[in-house]
Amino acid sequence: MTRKIETSRVIVVTGGTRGIGASISKMMHKFGYKVAATYMGNDEAAKEFKEKTGIEAVFKFDVGDFAACEKGIAKIEAKLGPIDILVNNAGITRDSFLHKMTPEKWNDVIRTNLNSVFNMSRLTVEGMRSRGFGRIISISSINGLSGAMGQTNYAAAKSGIIGFSKSLALEVAGKGVTVNVIAPGYIETDMVRAIAPEILEKIVSKIPVKKLGTTRAIARLVAFLVDDDNQFTTGATFNVNGGQYLA
Ligand code: CAA
């Protein structure tokens, strides 16, 4: 079911051209929102995304870099208008047991997965506050709640997002801005497909629904949270994990 919503809202999805982000971008585009998708690494995927979806507003910048975000957001707003909705989705893994983890692997993940949430939220929240409307959704992970072998860096960033969002939710609660977190479990994405098959098999065997989740399941929840009517859900973390971790 795709329903067109009467809206002129502008939504930015970081990491919005692949995986969960692409699904969010596409669904929101179908629903009638003005979508900007950002990406960093994969030019080929971004080109294909643009051609297939007809979403023109695709911007390449590093969400881990505050100055790059400032420039990127200025370009988005020049093209689409003020940003009403931010989805902090961009994320990477650099898995390693801690006893072998390099400072680079630690820093890369904290910068891309957590500093990005500060950068993008900091640069959009003032506008949202002043206009009396905003939605900020950040994509955490089951592993930010449960912990995961080989992911001290990733889990630290993903649980950091939750504390950040609860605090910001309190700050902006009286300003028409809601702030929420989605914590997906193992979803059919390139990130999950990159796990060694024998390890992925062990992981899937522990998911009560016995399969990976779809990216559309996450996009659906985003659509619910960003709706103009939904002004009472804030500071919450939504687990979408097939029953793998019940928080
Ligand atoms: N579950 C169960 N067992 C695991 C495991 C896991 N998640 N991760 C590692 N192990 C086990 C291995 O099977 C192996 O067991 P044996 O000694 O019995 O063979 C043991 O731990 C050591 O593992 P490796 O031989 O692979 O050790 P390594 O140093 O070469 O690599 C690692 C370590 C980088 C952590 C690698 O095992 C790995 O990539 N594990 C998967 C990590 C993971 O789950 N990443 C999630 C990515 S998806 C994601 O992050 C999206 C999201 O939000 C959910």
Side-chain angles (χ1 to χ4, degrees), residues 1-40 45-61 63 69 72-91 116-117 119-121 123-139 165 168-169 172 175-182 184 187 189 214-234 236 238 240:
M1 194 270 302
T2 51
R3 107 193 126 103
K4 184 129 176 144
I5 295 167
E6 281 307 312
T7 184
S8 57
R9 298 286 184 207
V10 173
I11 176 170
V12 177
V13 184
T14 69
T17 62
R18 291 200 299 138
I20 291 173
S23 216
I24 297 168
S25 300
K26 282 189 252 178
M27 193 176 285
M28 300 311 293
H29 178 63
K30 276 194 185 139
F31 285 178
Y33 290 78
K34 292 185 198 159
V35 178
T38 83
Y39 76 102
M40 181 55 197
K47 189 167 165 266
E48 199 183 317
F49 169 86
K50 220 170 163 174
E51 285 164 4
K52 277 197 179 154
T53 62
I55 296 172
E56 286 295 318
V58 175
F59 296 89
K60 181 176 182 172
F61 63 91
V63 288
C69 290
I73 285 173
K75 283 188 194 157
I76 292 168
E77 295 199 324
K79 190 170 174 83
L80 298 183
I83 295 166
D84 301 300
I85 302 162
L86 168 66
V87 182
N88 289 308
N89 165 76
S116 61
V117 174
N119 294 341
M120 292 298 290
S121 305
L123 290 164
T124 53
V125 77
E126 274 180 277
M128 293 179 189
R129 289 175 68 110
S130 67
R131 292 186 298 275
F133 179 89
R135 301 279 182 267
I136 297 177
I137 296 170
S138 299
I139 306 299
S165 300
L168 181 58
V172 297
K175 302 286 179 190
V177 181
T178 67
V179 185
N180 290 290
V181 174
I182 300 175
I187 306 290
T189 59
T214 64
T215 56
R216 285 178 60 81
I218 309 299
R220 275 279 164 199
L221 182 50
V222 170
F224 164 76
L225 290 170
V226 303
D227 198 277
D228 273 31
D229 288 338
N230 197 344
Q231 24 71 20
F232 209 56
T233 307
T234 196
F238 292 85
V240 186

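Everything quoted here is computed from the prediction, not taken from an experiment. Note: hydrogens, waters and symmetry copies are ignored here, and every other heavy atom, side chains too, is used. Along the sequence shown, residues are numbered consecutively beginning with 1.
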Open item on the list: The test is side chain to side chain contact (heavy atoms under 4.5 Å, CB included); show your working for V63 and M40 and say whether it passes.
Closed with: CA-CA 8 Å; V63 288; M40 181 55 197; over 6 Å; no
TODO: Please indicate whether K60 has more than 12 foreign heavy atoms, meaning atoms of other residues, nucleotides or ligands, lying under 6.0 Å from its NZ.
DONE: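 Yes, enclosed.
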Is there side-chain contact between [X] and [Y], with heavy atoms separated by less than 4.5 Å?
| X | Y | value |
| --- | --- | --- |
| P184 | I139 | yes |
| T7 | F31 | no |
| M128 | I136 | yes |
| F61 | I76 | yes |
| I24 | I137 | no |
| K47 | V58 | no |
| T178 | N230 | no |
| M28 | I85 | no |

Closest heavy-atom contact between [X] and [Y]?
| X | Y | value |
| --- | --- | --- |
| S25 | F49 | CB-CZ, 3.6 Å |
| A57 | V35 | CB-O, 3.5 Å |
| E77 | P82 | OE2-CA, 3.5 Å |
| K50 | E56 | CE-O, 3.3 Å |
| A236 | N180 | N-OD1, 3.0 Å |
| A37 | T17 | CB-CG2, 4.1 Å |

Measuring from atom [atom1] of [X] to atom [atom2] of [Y], what distance do you get when rounded to the nearest 0.5 angstrom?
| X | Y | atom1 | atom2 | result |
| --- | --- | --- | --- | --- |
| I187 | I20 | CD1 | CD1 | 5.0 Å |
| R135 | Q231 | CZ | CD | 7.0 Å |
| L221 | I182 | CG | CD1 | 4.0 Å |
| F238 | L225 | CZ | CG | 5.0 Å |
| F224 | D229 | CZ | CG | 10.0 Å |

TODO: Could you pull out all residues at least two apart from S116 that satisfy side chain to side chain donor-acceptor pair (under 3.5 Å)?
DONE: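 Scan of S116 (side chain to side chain donor-acceptor pair (under 3.5 Å), adjacent residues dropped) gives none.
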Open item on the list: Going by the rule side chain to side chain donor-acceptor pair (under 3.5 Å), which residues pair with S138 if we only count those two or more places apart in sequence or in a different chain?
Closed with: N88
Open item on the list: Is it the case that the side chain of T189 and the backbone of G19 share a donor-acceptor pair, with hydrogens and angles ignored and the cut-off at 3.5 Å?
Closed with: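 Not confirmed, T189 side chain does not pair with G19 backbone.
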Open item on the list: Any side-chain to backbone donor/acceptor pair from T14 onto N89? Under 3.5 Å, distance only.
Closed with: yes
TODO: Considering only NZ, NE, NH1 and NH2 on the basic side and carboxylate oxygens on the acidic side, decide whether K34 and D84 come within less than 4.0 Å.
DONE: no
TODO: Could you point out which residue of L86, V12, I83 forms a side chain to side chain contact (heavy atoms under 4.5 Å, CB included) with I73?
DONE: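 That would be I83.
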- [ ] Could you go through the side chain to side chain contact (heavy atoms under 4.5 Å, CB included) check for R9 and D228 one step at a time?
- [x] CA-CA 9 Å; R9 298 286 184 207; D228 273 31; 3.0 Å; yes
